[in-house]
A.B. asks: 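Sharing a structure with you now.
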Amino acid sequence: MRTLCASTLIGEFFVLGFAGLVAMKEPDLSTATVWTVCGVLMLLSVLLCGMITRPGGVQLGWALQILLIAGGFFVPSMFVLGAIFAALWWASVHYGRKIDEAKARFAAQAASAGEGTAPERTRSQPQAEAGGTPA
């Protein structure tokens with residue numbers, strides 16, 4: 001899960017930076033305000049990459065997604081980009097957990113298979129098991 005979520009957060013880092021450039025052209029917003037808000041959100045996205053497996057990390061990620069979508073009130077294209085990244089965030093969390101569960105299951109199977117002693121194989125056994133004729 002960590003890799004998928006971190007990839008999404010790094011993508012958001014760049015989107016937030018570009019959104020800041022677009023927001024600077026708005027006459028109602030000061031440059032200091034734009035870069036303070038964007039800078040804090042960019043920093044949060046990078047920090048979340050390391051915190052994603054800790055308690056509350058996923059919830060902070062969801063809060064960032066909500067803030068990204070809310071950025072659409074200042075930069076209208078952020079409604080669409082925020083929704084896309086929220087969908088990517090959901091997929092990263094959902095499929096990342098499935099991958100983590102599968103890895104744990106495979107590790108448990110490998111550990112339990114390693115406990116028993118496997119019989120020694122001769123050269124002809126793999127061919128016979130594969131459906132071939134023994135040499």
A.B. asks: List the atom of Ala6, the atom of Cys49, and the distance in Å for their closest heavy-atom pair.
C.D. replies: O-SG, 3.8 Å
A.B. asks: Roughly how far apart are Thr33 OG1 and Glu26 CD, rounded to 0.5 Å?
C.D. replies: 13.0 Å
A.B. asks: Please test Phe14 against Ile10 for side-chain contact (heavy atoms from CB on, under 4.5 Å), starting from the C-alpha separation and ending with a verdict.
C.D. replies: CA-CA 7 Å; Phe14 289 107; Ile10 292 301; 3.8 Å; yes
A.B. asks: Testing the basics here: between Ala23 and Leu29, what is the closest heavy-atom pair and its distance to 0.1 Å?
C.D. replies: O-CD1, 4.0 Å
A.B. asks: Between CG of Leu64 and CG of Leu16, what distance do you get to the nearest 0.5 Å?
C.D. replies: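 Taking CG in Leu64 and CG in Leu16, the distance rounds to 6.5 Å.
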A.B. asks: With the 4.5 Å side-chain cut-off for hydrophobic clustering, are Ile69 and Phe73 part of the same group?
C.D. replies: yes
A.B. asks: Report, as yes or no, whether the 6.0 Å neighbourhood of atom CZ on Phe74 holds more than 12 heavy atoms from other residues, nucleotides or ligands.
C.D. replies: no
A.B. asks: Give, for atom CD1 of Ile52 and atom CZ of Arg2, the distance between the pair rounded to the nearest 0.5 Å.
C.D. replies: 9.0 Å
A.B. asks: With a 4.5 Å cut-off on side-chain heavy-atom distances among I, L, V, M, F, W and Y, is there a chain of contacts connecting Val15 to Trp90?
C.D. replies: yes
A.B. asks: Kindly compute the distance separating CG (Leu88) from CG (Leu9), expressed to the nearest 0.5 Å.
C.D. replies: 10.5 Å
A.B. asks: Between Trp89 and Leu43, is there a shared hydrophobic cluster once you connect ILVMFWY residues whose side-chain heavy atoms come closer than 4.5 Å?
C.D. replies: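 In one cluster: no.
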A.B. asks: List the steps, then state whether side-chain contact (heavy atoms from CB on, under 4.5 Å) holds for Phe13 with Thr8.
C.D. replies: CA-CA 9 Å; Phe13 172 85; Thr8 301; over 6 Å; no
A.B. asks: Is there a chain of hydrophobic side chains (I, L, V, M, F, W, Y, each step under 4.5 Å between heavy atoms) that links Ile66 to Leu60?
C.D. replies: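 Result: no, two separate clusters.
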A.B. asks: Looking at Gln59 and Gly56, what are the two nearest heavy atoms and their distance?
C.D. replies: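 Heavy-atom minimum between the residues: OE1-CA, 3.1 Å.
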A.B. asks: Atom SG of Cys5 and atom CZ of Arg97: how far apart are they, to the nearest 0.5 Å?
C.D. replies: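 One gets 8.0 Å once the value is rounded to the nearest 0.5 Å.
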A.B. asks: Looking at CE of Met1 and CG of Asp100, how far apart are the two atoms once the value is rounded to the nearest 0.5 Å?
C.D. replies: 6.5 Å
A.B. asks: Given side chains that start at C-beta, do those of Leu81 and Val75 come closer than 4.5 Å, heavy atoms only?
C.D. replies: no
A.B. asks: Do Val40 and Trp62 share a hydrophobic cluster (ILVMFWY, side-chain heavy atoms under 4.5 Å, transitive)?
C.D. replies: no
A.B. asks: Specify the closest pair of heavy atoms between Ser45 and Met42, including all atoms of both residues, with the distance to one decimal.
C.D. replies: OG-O, 2.7 Å
A.B. asks: List the atom of Met78, the atom of Ala19, and the distance in Å for their closest heavy-atom pair.
C.D. replies: SD-CB, 3.6 Å
